[in-house]
Amino acid sequence: MTTPRLALVGDRSPHVRSHTRVPGLLQALRERDRLDLDAYWVRTDDITGPDDLAGFDAVWLLPGSPYASEEGALAAVAHARLHGVPFLGTCGGFQHALLEFARAVCGLTTAAHAEVDPDAADPLVAPLACSLVGHEGAVHLVPGTLAERVLAADRTVERYHCDYGLNPRHLDLLREHGMVFSGHDADGEVRVAELPDHPFFLTTLFQPELAGDGTRPHP
């Protein structure tokens, strides 16, 4: 049996805690769940188009924004979305998955990320009212969604390390084009999004890779 190839898309850095957790998580998957993955780190500036990830069986767009190449990060999302490749986006991956969807599917070609374009008049990804750097909080999951099935619960407590999230002004547009917002915090702010017509397309503003001490893989 061929070992599945996983693209870890992000500009790997020892200063990004999420990145330092990945090797241990992959080892824990092998030992605890008998799931072996052939994982490769791929820098965003090494991706010049969606076909650059051809041959990978899954894509994980990791935190670490602003990325070396915003276009490379968006190309990774496009590859997974268009070719039915299983996709996980966490933190910055969540933000850029929504950005790619807004531009390519919703026709919102001016969609911007305020971290990259702080002068954008109406950014799709905007500064959070309250920073979530170093915070954790409850996430309520919508029944019947992929997120609920994966976590096998309707409520979970998760860790964050971010300052940016979805601008609620654009919620309806993304929803009208098929994006499902399947997880929210106690105030109703979006924390999880997915594409139900895709084999597996799940994005979280929280960072599941930060759960626990890193020896037990998050669902």
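Numbering starts at 1 and runs along the sequence shown.
Arg30 is linked by a side-chain hydrogen bond (donor to acceptor under 3.5 Å, both in side chains) to Gln27, Asp36, counting only residues two or more places apart in sequence or in another chain. By the side-chain hydrogen bond (donor to acceptor under 3.5 Å, both in side chains) test, Arg43 is found to be paired with Asp45, residues two or more places apart in sequence or in another chain being considered. Judged as a side-chain contact (heavy atoms from CB on, under 4.5 Å), and not counting sequence neighbours, the contacts of Thr20 are Arg17.
The closest side-chain heavy-atom distance from Leu128 to Glu189 is not below 4.5 Å. Annotation: side chain of Thr204 is in contact with side chain of Val192 (closest heavy-atom distance under 4.5 Å). Side-chain contact check for Tyr164 versus Val116: every heavy-atom pair is 4.5 Å or farther apart. Val105 places a side-chain heavy atom less than 4.5 Å from the side chain of Arg81. Counting heavy atoms from C-beta on, the side chains of His218 and Leu25 never come closer than 4.5 Å. For the pair Thr203/Glu194, no side-chain contact is recorded, criterion being any heavy-atom separation below 4.5 Å from C-beta on. Side-chain contact between Phe101 and Val77: absent, with no pair of heavy atoms (C-beta onward) separated by less than 4.5 Å. Annotation: side chain of Val190 is in contact with side chain of His184 (closest heavy-atom distance under 4.5 Å).
Using a distance-only test at 3.5 Å, with no hydrogens or angles considered, no donor-acceptor pair links the side chain of Asp163 to the main chain of Pro127. His177 places a side-chain N or O within 3.5 Å of a backbone atom of Leu173 that can act as its donor or acceptor partner. Listed for the Arg5 side chain is a donor-acceptor partner under 3.5 Å among the backbone atoms of Gly55. With Arg155 contributing its side chain and Leu141 its backbone, the two residues share no donor-acceptor pair below 3.5 Å. With hydrogens and angles disregarded, a donor-acceptor distance shorter than 3.5 Å links the side chain of His19 to the backbone of Ser13.
Summarising the geometry of Arg12 relative to Pro23, their closest heavy-atom pair is NH2-CG, 3.8 Å, with the distance given to 0.1 Å. A pairwise comparison of heavy atoms in His198 and Ala80 identifies NE2-O, 2.7 Å as the closest pair. Listed here is the closest heavy atom pair of Asn167 and Pro123: ND2-O, 2.9 Å. Residues Leu61 and Ala73 share a closest heavy-atom pair of CD2-O, 3.9 Å. Scanning both residues, Ser65 and Gly92, for their nearest heavy atoms gives OG-CA, 4.2 Å. Considering all non-hydrogen atoms of both residues, Leu195 and Gly178 come closest at CD2-O, 4.0 Å.
Judged by distance alone, the side chains of His79 and Asp52 never bring a donor and an acceptor atom under 3.5 Å apart. Side-chain polar atoms of His113 and Gln95 form a donor-acceptor pair below 3.5 angstrom.
Between the CG atom in Leu99 and the CZ atom in Phe94 there is a gap of 11.5 Å [rounded to 0.5 Å].
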Apply side-chain contact (heavy atoms from CB on, under 4.5 Å) to Val180 and Arg175, showing your working.
CA-CA 6 Å; Val180 169; Arg175 187 181 285 121; over 6 Å; no

For the pair Val125 and His170, evaluate side-chain contact (heavy atoms from CB on, under 4.5 Å) and give the outcome as yes or no after the intermediate values.
CA-CA 9 Å; Val125 180; His170 298 292; over 6 Å; no

Would you check, one step at a time, whether the test side-chain contact (heavy atoms from CB on, under 4.5 Å) holds for Trp60 with Leu6?
CA-CA 7 Å; Trp60 181 1; Leu6 169 64; 4.2 Å; yes

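In this structure, the ring of Tyr67 has its center less than 6.0 angstrom from the ring center of His96.
Both tests do not hold together for Arg191 against Phe206: distance to the six-membered ring centre under 6.0 Å, angle to the ring axis within 45°.
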